[in-house]
2 protein chains.
Amino acid sequence: MTTTDNTKQSNRDKKQQQLLDAAEKLFSQTGYDGASMSMIAKEASVPKANVLYYFKNKDSLYEAVLDRIVAQWNLGLENITPDDDPAVVLYNYIKSKIKLAIEQPMQSRLFASEIIRGAPYLQGYLRNSARPWIREKSALFQAWIDAGKMNAIDPQHLLFAIWSTTQYYADFEAEVLLVQNKLEYENSDVEKITQSIAQLILTGVGLAIPE
Amino acid sequence: MTTTDNTKQSNRDKKQQQLLDAAEKLFSQTGYDGASMSMIAKEASVPKANVLYYFKNKDSLYEAVLDRIVAQWNLGLENITPDDDPAVVLYNYIKSKIKLAIEQPMQSRLFASEIIRGAPYLQGYLRNSARPWIREKSALFQAWIDAGKMNAIDPQHLLFAIWSTTQYYADFEAEVLLVQNKLEYENSDVEKITQSIAQLILTGVGLAIPE
DNA sequence: AAAGTGTTTGACCTTTCGGTCAATGGCGTT
DNA sequence: AACGCCATTGACCGAAAGGTCAAACACTTT
C-alpha cells in the first residue's frame, strides 16, 4: 500500500502497545478484578472510551495483555540437544530466568495471578504450548540422565523447581525485599541469587557449576 | 461466667469461623477485589447484611481471614538446635510443606495473591513475625554450615528455595495439573514431589536423603 | 408479662463498574 | 469545497459494588 497506510497502521499499533503497557502494569498490580478500565485509561492518559475503541471490552484487553506476555515469554531452552552439556545449559537457563524475574517482574506476577485464579484465560496456552514444550524438554533431560550425564530425577519436577525458585523473586518480591529490609534488588543480589539457586539445582542433580 | 454466656460466645465464634471459611474460599479463588461481599454471603448462606454485622467492612473481613491463616500457619522448624541432624530436619520440613500445599492450597494461594499485590495487609506480619523467624533459622543453618554438617549456602535463599518449590504445587496447581492432564493430585504425587524436591535441596547442600 | 440484649434481615443509599453512543474532530482523496 | 473514514471523547446507561439503617426477631432476666 501507500506510505500513509503504513504510518496509520504503525500509529495504531503504537497506541495499542501503549494501552497494553498501562493495562499490564495495573493488571499485574491489582489483578483482573482490581484494575478498572478507568484506572487503566488514566494510567495511559486517555479517556476511558478511547481504550474501549481499541479493545472491545475488558476481557479482550486482558487477553491481549496475556497474549503479548506469552508471545514475548519465549520459554527458552531452544536448540538444545542431548549432546550439549547439561551443566552449562541449566546454568544459563537459571541465570536468564533470574534476570527476567528481577528485570520484568510484572509479567511474572500477572502470569502467577492468572494461574492462581485457575488459569481461565491461559488454558489454551498451557494445553497447546506449555504442555508440548514440557514434554519435549523432559525427553531431553531424560536423555541426559540415560546417558549418565546427570543424576536421575523426574524431569517435570526439575522444571517446576527451576521455575518456582526463579519466579519467586518476582512474584514474592515484596516479601523478599521486606525481609531483607531493602527497597529494591541490587546488581549483587542477582549474582547471589543465581549462585544459590544454581548450586541447589545443579549440585542437586550431580552437576558442577560451570567454569 | 454462666454457661449461657459461654454458649453465646461460642455460637458467635462458630458463626464467625463459618463466615471466615466462606471468605477464605472466595478470596483465594478470585482475590480481594474479585470476591464481593454478596458472593461471600451467598457462599455462607446468609444475607449480606449479616456478614457486615460480624465484620464491620470488607477490609476487616479480609484482614481477619489473613490473620487466621497466619495464626494457623505455624512457620515450622520449632525446637530445632544445631545439634540436630540437618538432613532429617530439612527432609521433614519439606515433607510437611508439600503435604500442606496439597491439602490446604487455598491458604497458600491467598497468601501468594496478597504478596503479589505488594502485601498491603501483611507488612506487619512480615516485619514482626516472618523476618525475626527467618533471621533465627538462618543462624541455625549457618551453625550447621560452620560445623561442617552441610555445604555453604546463603541460608535465606535456601529458605526461599524450600518455600517456592513446595508452595508452587499449591499456587500453580492449575498449571501442574493441566500439564500432567490430571484433575487432582493423587497420593502417589505427594510422594513423588517430596522425593524430587528433597533430592534437589538436600543433595544441593551436600546431604543425603535420610533412611 | 415486660424489659433488655444481641441477632437477623430487607430496603435502601451512594459510588463505581463495564460498556454504549452520538457528536465532533482531523485529514487525505476527489 | 465536499466527501469519506477512522479517531476521539463527554454524556449517559443499567448493574453491581460496599455499606447503612431501622424494624423485626429470639432469648434471658427481672
Side-chain angles (χ1 to χ4, degrees), chain A residues 1-27 29-66 113-114 117 120-121, chain B residues 1-27 29-66 113-114 117 120-121:
Chain A
M1 310 297 164
T2 73
T3 35
T4 51
D5 279 344
N6 286 334
T7 307
K8 271 187 185 176
Q9 190 56 38
S10 82
N11 278 344
R12 192 186 167 85
D13 278 3
K14 195 177 287 183
K15 178 133 192 192
Q16 243 171 9
Q17 292 300 320
Q18 287 168 4
L19 295 178
L20 288 176
D21 289 341
E24 181 178 284
K25 180 174 176 184
L26 286 181
F27 280 136
Q29 273 173 11
T30 47
Y32 176 81
D33 296 289
S36 69
M37 294 299 274
S38 44
M39 285 169 62
I40 292 170
K42 200 176 174 186
E43 171 73 28
S45 303
V46 301
K48 187 184 65 168
N50 195 231
V51 178
L52 282 150
Y53 172 75
Y54 284 93
F55 299 93
K56 76 171 197 289
N57 53 33
K58 191 181 182 182
D59 268 31
S60 76
L61 172 58
Y62 183 70
E63 215 168 352
V65 171
L66 282 179
S113 306
E114 171 65 9
R117 288 164 46 98
Y121 290 90
Chain B
M1 311 296 164
T2 73
T3 34
T4 52
D5 280 343
N6 284 334
T7 307
K8 269 187 186 175
Q9 190 55 38
S10 84
N11 277 343
R12 191 184 170 86
D13 278 3
K14 196 177 286 183
K15 179 134 191 193
Q16 243 172 9
Q17 292 299 322
Q18 286 169 4
L19 294 178
L20 288 176
D21 289 344
E24 181 178 284
K25 180 174 176 184
L26 286 182
F27 279 136
Q29 271 173 10
T30 47
Y32 176 80
D33 295 289
S36 70
M37 292 300 274
S38 44
M39 284 168 64
I40 292 169
K42 200 176 174 187
E43 171 73 28
S45 302
V46 300
K48 187 184 64 166
N50 196 231
V51 178
L52 282 150
Y53 172 75
Y54 283 93
F55 299 93
K56 76 172 197 290
N57 54 33
K58 191 183 183 182
D59 268 30
S60 75
L61 172 58
Y62 182 70
E63 213 167 352
V65 171
L66 282 179
S113 307
E114 171 65 9
R117 289 165 46 98
Y121 289 91

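Below, each value reflects all heavy atoms present in this structure, side chains not excepted, and no hydrogens, waters or symmetry copies. Protein chains get the first letters and strands the later ones, always in sequence-line order, with residue 1 at the start of each. What you see is a predicted model; the values in this text were computed from it and never measured.
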Would you compute the distance between atom [atom1] of [X] and atom [atom2] of [Y] and round it to the nearest 0.5 angstrom?
X: B:Phe55; Y: B:Gln16; atom1: CZ; atom2: CD; result: 4.5 Å
X: A:Leu61; Y: A:Met37; atom1: CG; atom2: CE; result: 5.0 Å
X: B:Ser60; Y: B:Lys58; atom1: OG; atom2: NZ; result: 12.0 Å
X: B:Ile40; Y: B:Tyr62; atom1: CD1; atom2: OH; result: 11.0 Å
X: A:Leu19; Y: A:Gln17; atom1: CG; atom2: CD; result: 9.5 Å
X: B:Gln29; Y: B:Glu24; atom1: CD; atom2: CD; result: 11.0 Å

Please confirm whether the shortest side-chain N or O distance from [X] to OP1 or OP2 of [N] is below 4.0 Å.
X: B:Arg12; N: C:dT7; result: yes
X: B:Lys15; N: C:dT8; result: yes
X: B:Tyr53; N: C:dT8; result: no

Identify all pairs in which a protein N or O lies below 3.5 Å from an N or O of nucleotides 21-26 of chain C, and state each distance.
none

Can you classify the ring geometry of A:Tyr32 versus A:Phe27 as parallel (below 30°), tilted (30 to 60°) or perpendicular (above 60°)? parallel

Using a heavy-atom cut-off of under 4.0 Å over every strand shown, decide if B:Tyr54 touches base, sugar-phosphate, or nothing. sugar-phosphate

Could you check how far [atom1] of [X] sits from [atom2] of [N], rounded to whole Å?
X: B:Gln16; N: C:dG6; atom1: CD; atom2: P; result: 15 Å
X: A:Asp59; N: C:dC17; atom1: CG; atom2: C1'; result: 14 Å
X: B:Asn11; N: D:dC27; atom1: CG; atom2: C1'; result: 12 Å
X: B:Phe55; N: C:dT7; atom1: CZ; atom2: P; result: 13 Å
X: A:Ile40; N: C:dC17; atom1: CD1; atom2: P; result: 11 Å

Do B:Val46 and B:Lys15 pass the side-chain contact (heavy atoms from CB on, under 4.5 Å) test, and can you show the C-alpha distance, the side-chain angles, and the key distance before you say yes or no? CA-CA 10 Å; B:Val46 300; B:Lys15 179 134 191 193; 4.1 Å; yes

Would you say A:Glu114's side chain and A:Tyr121's backbone share a donor-acceptor pair under 3.5 angstrom? yes

Write out a two-atom table: protein N or O, nucleotide N or O from nucleotides 12-18 of chain D, distance below 3.5 Å.
residue : atom : partner : partner atom : Å
D:dA17  : OP1  : B:Ser36 : OG           : 3.4
D:dA17  : OP2  : B:Ser38 : OG           : 3.3
D:dG18  : OP1  : B:Lys58 : NZ           : 2.8
D:dG18  : OP2  : B:Met37 : N            : 2.8
D:dG18  : N7   : B:Lys48 : NZ           : 3.1

